[in-house]
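See structure below.
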Amino acid sequence: MGKNEMFSEKLQQIQAAGLYRRMRYMQSQQSAHVMIAGEDYLMMSSNSYLGLCSDERLKQAAQEAIEKFGTGSGGSRLTTGSYELHKQLEEEIAAFKGTEAALIFNTGYMANLGIISTIADKNWVIFSDRLNHASIIDGCRLSGAEIVVYEHGDMEDLEQKVEKYRGKRGLLVSDGLFSVDGDIAPVPGLVDIARRYDMLLMVDDAHATGVFGKNGGGTADHFDLPEGVDIMVGTFSKALASEGGFVAGSRDLVDYLVNRARSFIFSTALSPASIAVSLAALKIVQTEPQARETLLTNARWLRQELCQAGFQTWNYPTQIISVFVGRPEVAVAFSERLMERRIFVSAIRPPTVPEGTSRLRINVMATHTKEDLTRAIITIKDVGSELGVIA
Ligand SMILES: *Cc1c(COP(=O)(O)O)cnc(C)c1O
């Protein structure tokens, strides 16, 4: 077998299963409309929920930081890559989350990998929601701990499983807002079980940060339970329109991670420009709640219209709308036909979601206009009937 034959064989299998993926290249900034191959697309798959990726104030913040501090950070955080800006951002996150301290990682993915594998080892048991994000799953695997998966959002199932491991060091981990189904985790239930069984609770609010909670602080803020969650993870890469992950928690937790988390220690620090954008975005989400209200109003309307048209969706009050179509080929065809009509909607297939639940995932933005959404509804209905997804 030639060195590359293995790859082409594997690729053929992926293609035959309808699971082949490829990239599309933007020629414009990320906003409610994007340019691809010279054409204007209505963007309905962006994680820039508040439309901040194209915000002039954030661009300005990046430019000023570049002027003052240059481009790259020049080293890892423990060597030469820590700037006053990093410290300032960590203090702001701690205040935003109501914790003693916070720590920035280069991505949300690296945060989960580093945090979970630092805290837990083979003497621990980790209870993980079935639909947790891949970065949580990978962090769990890397830790070497025993992993117990409980049914999605099912507190009864969780408690039955936890009961069997009494006496063992436990970490309970969940997405705050699940990107696959678009539902919010039962945080009060998680807090209750973590307390009663003396486990650490970690909630990853990648999609909820800047969107839920009265200050945009995420799901703990939404449920008004900031003290119940020991380890609050989030990312700057979604609603906050920047890049980087973070964790907020106790001073000791943060110090321990600084000293032990390999994905923190062995990677070059984020550039000053990224940090400056995160700082500016954090300020915007805390002072401009209107944007998240508009976002959720837009989402509510779109979801309702799609439901009425006969599409199968969950009825969750979030900005992520999953439209179930079943087979991966149908999801891909649906997405492609929408693309032909210049609406950008991604098909989500296994292994991101369980077999038989392929879907379109629609991400609403605060900057979608009534006109944008009306066009989306009409087009999605048209394609849905063409493909027999709706009657
Ligand atoms: C997107 C996401 C991440 C990864 O964050 P990045 O900053 O994009 O690496 C982690 N966890 C969850 C739940 C996510 O949705």
Side-chain angles (χ1 to χ4, degrees), residues 23 30 45-50 52-53 89-90 93 97 102-117 126 128-143 149 152-153 171-187 190 201-213 217-220 222 229 231-248 257 261-264 267-271 273-275 277-278 281-282 285 316 318-322 346 348 351-353 359 361-365:
M23 291 179 258
Q30 184 90 197
S45 283
S46 179
N47 294 331
S48 179
Y49 299 118
L50 303 174
L52 291 175
C53 278
L89 179 57
E90 285 166 348
I93 299 163
K97 290 288 193 175
L103 187 67
I104 307 162
F105 286 76
N106 287 358
T107 66
Y109 186 97
M110 288 170 73
N112 283 332
L113 226 57
I115 296 162
I116 299 172
S117 67
I126 302 175
S128 174
D129 188 289
R130 183 170 294 288
L131 294 187
N132 274 346
H133 189 263
S135 56
I136 293 177
I137 296 171
D138 293 356
C140 292
R141 287 178 182 156
L142 190 60
S143 73
V149 174
H152 178 51
L171 170 66
L172 172 55
V173 58
S174 176
D175 277 28
L177 166 48
F178 289 87
S179 62
V180 279
D181 283 358
D183 57 323
I184 295 175
V187 177
L190 294 171
L201 173 60
M202 167 166 163
V203 174
D204 175 357
D205 267 336
H207 290 276
T209 303
V211 177
F212 281 91
T219 53
H222 175 69
V229 182
I231 305 164
M232 296 195 256
V233 174
T235 178
F236 296 108
S237 63
K238 290 169 181 161
L240 295 171
S242 180
E243 55 186 358
F246 64 81
V247 58
L257 292 172
R262 294 171 65 85
S263 65
F264 174 81
S267 192
T268 299
L270 285 173
S271 72
S274 291
I275 302 297
V277 173
S278 298
L282 211 47
V285 299
Y316 300 130
T318 70
Q319 76 278 23
I320 300 173
I321 306 177
S322 263
S346 303
I348 309 289
T352 310
V353 292
R359 61 194 76 180
R361 184 173 59 197
I362 300 174
N363 289 5
V364 181
M365 296 173 80

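Because only heavy atoms are used, hydrogens play no part in the values below, and waters and symmetry mates are left out as well, while side chains stay in. Counting convention: from 1, in listed order, for ligands and their atoms alike.
The salt bridge (Lys or Arg N to Asp or Glu O under 4.0 Å) search around E243 returns none, not counting sequence neighbours. A search for ring-ring contact (aromatic ring centres under 6.0 Å, His included) contacts involving Y109 returns nothing, not counting sequence neighbours. Remark: N106 pairs with M110, S267, L270 by the side-chain contact (heavy atoms from CB on, under 4.5 Å) rule, at least two apart or across chains.
Residues Q30 and S46 bring a donor and an acceptor atom of their side chains to less than 3.5 Å of each other. With hydrogens and angles left out, the side-chain atoms of N47 and N363 include a donor and acceptor closer than 3.5 Å.
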Give a table of atom pairs where an N or O of ligand 1 lies under 3.5 Å from a protein N or O.
residue: ligand 1; atom: 7 (O); partner: G108; partner atom: N; Å: 2.8
residue: ligand 1; atom: 7 (O); partner: T235; partner atom: OG1; Å: 2.7
residue: ligand 1; atom: 7 (O); partner: S237; partner atom: OG; Å: 3.0
residue: ligand 1; atom: 8 (O); partner: S237; partner atom: OG; Å: 3.3
residue: ligand 1; atom: 9 (O); partner: G108; partner atom: N; Å: 3.1
residue: ligand 1; atom: 9 (O); partner: Y109; partner atom: N; Å: 3.0
residue: ligand 1; atom: 11 (N); partner: D204; partner atom: OD2; Å: 2.5
residue: ligand 1; atom: 15 (O); partner: H207; partner atom: NE2; Å: 2.8
residue: ligand 1; atom: 15 (O); partner: K238; partner atom: NZ; Å: 2.7

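Under the 3.5 Å distance criterion, the side-chain polar atoms of S117 are left unmatched by any main-chain donor or acceptor of L142.
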